[in-house]
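Counting starts at 1 for both ligands and their atoms, following the listed order.
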Amino acid sequence: MQLIPDFDLRHCNTFGLSAKARFGTTINTPQDIPALLDAAERLDLPLRILGQGSNVVLRPVFEGIVAQMAIKGRQILQDTPEQTIIEAGAGENWHDFVSYTVANGMPGLENLALIPGTVGAAPVQNIGAYGLELADRFASLSAYDTHEQCFVQLGLEDCAFSYRQSLFKREPNRFIVAAVRFALPRPWTPNLRYAGLSELPAEVSPQAVMDRVVELRRSKLPDWTKTGNAGSFFHNPVVDATTVERIRAEHPGAPAYPQPDGRSKLSAGWLIEQSGFKGLRIGGAGVSERHALVVVNHGGATYAVIAEISDRVRTGVEAQFGVILVQEPETI
Ligand code: NAP
């Protein structure tokens with residue numbers, strides 16, 4: 001394992017922000033993890049693991065070590081009439097992995113197609129799209145526990161998944177995920193609950209569902225390889241019934257999706273658009289003209305400008321609707 005000084009992070013984040021780390025390196029095998037932790041302790045520097053850097057906003061300088069997760073590998077561990085269990089290395093590209101499972105007769109992850117990032121990052125925020133969350137297909141994972149200084153196996157209960165939340169967010173920097181195992185139930189049934197998919201016929205194939213998800217995402221969301229971004233920039237807020245009533249008194253069409261706990265999830269994108277921020281531009285960054293939930297780098301965006309947009313949107317939505325938005329990408 002080699003530590004590269006003055007490590008350029010521009011190509012390690014989907015926002016395409018210019019940033020440097022004191023040192024950078026790559027994790028290619030699980031055994032690299034304890035070696036890397038030793039090095040960080042010896043140098044007395046903080047350590048951050050990045051996957052594809054698809055859910056981060058980078059400050060210009062990180063005074064520590066950034067390690068890119070690159071552990072690869074896919075392996076079927078169990079194949080029965082009830083389920084397939086497949087394991088993937090944390091450094092596998094998420095969409096490539098989803099495509100591989102669908103193309104090889106192991107459907108179940110198709111609603112999560114085209115989400116940027118790596119397999120190892122997926123459990124951290126319990127990625128979700130089109131009515132499916134990672135937790136719905138999760139079996140277990142292997143991670144290095146930096147507190148106990150050993151590898152651990154964590155199951156569904158251990159990971160404490162909830163809406164875009166997990167153990168890994170509640171205890172940041174404690175676990176380094178090395179591999180994730182997915183349980184794909186048989187027989188496969190399509191999940192066509194969300195608009196855009198509900199128009200598909202009931203006898204649709206997994207590949208056709210995946211193709212539609214890809215088509216929907218491409219039509220709505222800016223492509224980070226062309227216009228840097230970190231996906232949804234705010235969580236959809238979950239609010240009480242009184243708040244929904246208050247908002248709907250003025251905006252009868254306001255989207256609100258009832259949750260099992262009696263509260264309702266509002267659409268952050270709708271709130272931002274109604275507050276007049278869609279298409280806002282400051283410096284080289286802005287709120288996407290295509291989707292108000294996405295903050296984009298039009299070219300030359302800086303951390304300061306992204307932070308200013310984040311503040312302006314949060315303050316504006318709170319003033320207009322009395323709802324506090326929480327930023328989704330983590331600032332490093
Ligand atoms: P949309 O159709 O504009 O709807 C806005 C929000 O309303 C969605 O985020 C979704 O919440 C919620 N929603 C829509 N239909 C729903 C239903 N039938 N039941 C419950 N909640 C519903 O959504 P969009 O922005 O195009 O996104 C489509 C999907 O892709 C969503 O699931 C979204 O979460 C996901 N997505 C995720 C990211 C990311 O970076 N995390 C980025 C883009 C899109 P949910 O978020 O809870 O699904």
Considering non-hydrogen atoms of the protein only, which is the closest contact for [atom], and what is the distance?
atom                    : value
atom 6 (C) of ligand 1  : Asn236 ND2, 3.9 Å
atom 41 (N) of ligand 1 : Glu328 OE2, 3.3 Å
atom 32 (O) of ligand 1 : Tyr130 N, 2.9 Å
atom 44 (C) of ligand 1 : Arg217 NH1, 3.9 Å
atom 48 (O) of ligand 1 : Tyr194 OH, 2.7 Å
atom 7 (O) of ligand 1  : Tyr257 CE1, 3.1 Å

Point to revise | Nearest-option assignment for atom 40 (O) of ligand 1, heavy atoms, candidates Ser232, Pro258, Pro329, Gly128 | key: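 Heavy atom nearest to atom 40 (O) of ligand 1 belongs to Ser232.
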Practice item. Would you mind finding which of Lys265, Lys220, His235 brings a heavy atom closest to atom 23 (O) of ligand 1? Key: Lys220
Please could you name the atoms of ligand 1 that [X] approaches to less than 4.0 Å, counting only its heavy atoms?
X      : result
Ser267 : 5 (C)
Ala129 : 30 (O), 32 (O), 35 (C)
Arg164 : 34 (O), 46 (O)
Arg193 : 19 (N)
Gly231 : 40 (O)
Tyr163 : 45 (P), 46 (O), 47 (O)
Leu221 : 43 (C)
His291 : 24 (P), 25 (O), 26 (O)

Check your understanding: Testing Arg48, Arg164, Lys169, Arg59 for salt bridge (charged side-chain N to carboxylate O under 4.0 Å, His left out) with Glu330, which one passes?
Key -> Arg48
Donor-acceptor pair, [X] side chain versus [Y] backbone, under 3.5 Å?
X      : Y      : result
Glu308 : Ile306 : no
Asn229 : Pro222 : yes
Asn236 : Lys265 : no

Do the side-chain N and O atoms of [X] and [Y] include a donor-acceptor pair separated by under 3.5 angstrom?
X      : Y      : answer
Asn28  : Thr26  : no
Glu110 : Trp188 : yes
Arg186 : Thr80  : no
Asp96  : Ser99  : no
Gln320 : Ser275 : no

Point to revise | Arg263 bridged to Asp261 by N-O distance under 4.0 Å | key: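 Yes, Arg263 and Asp261 are salt-bridged.
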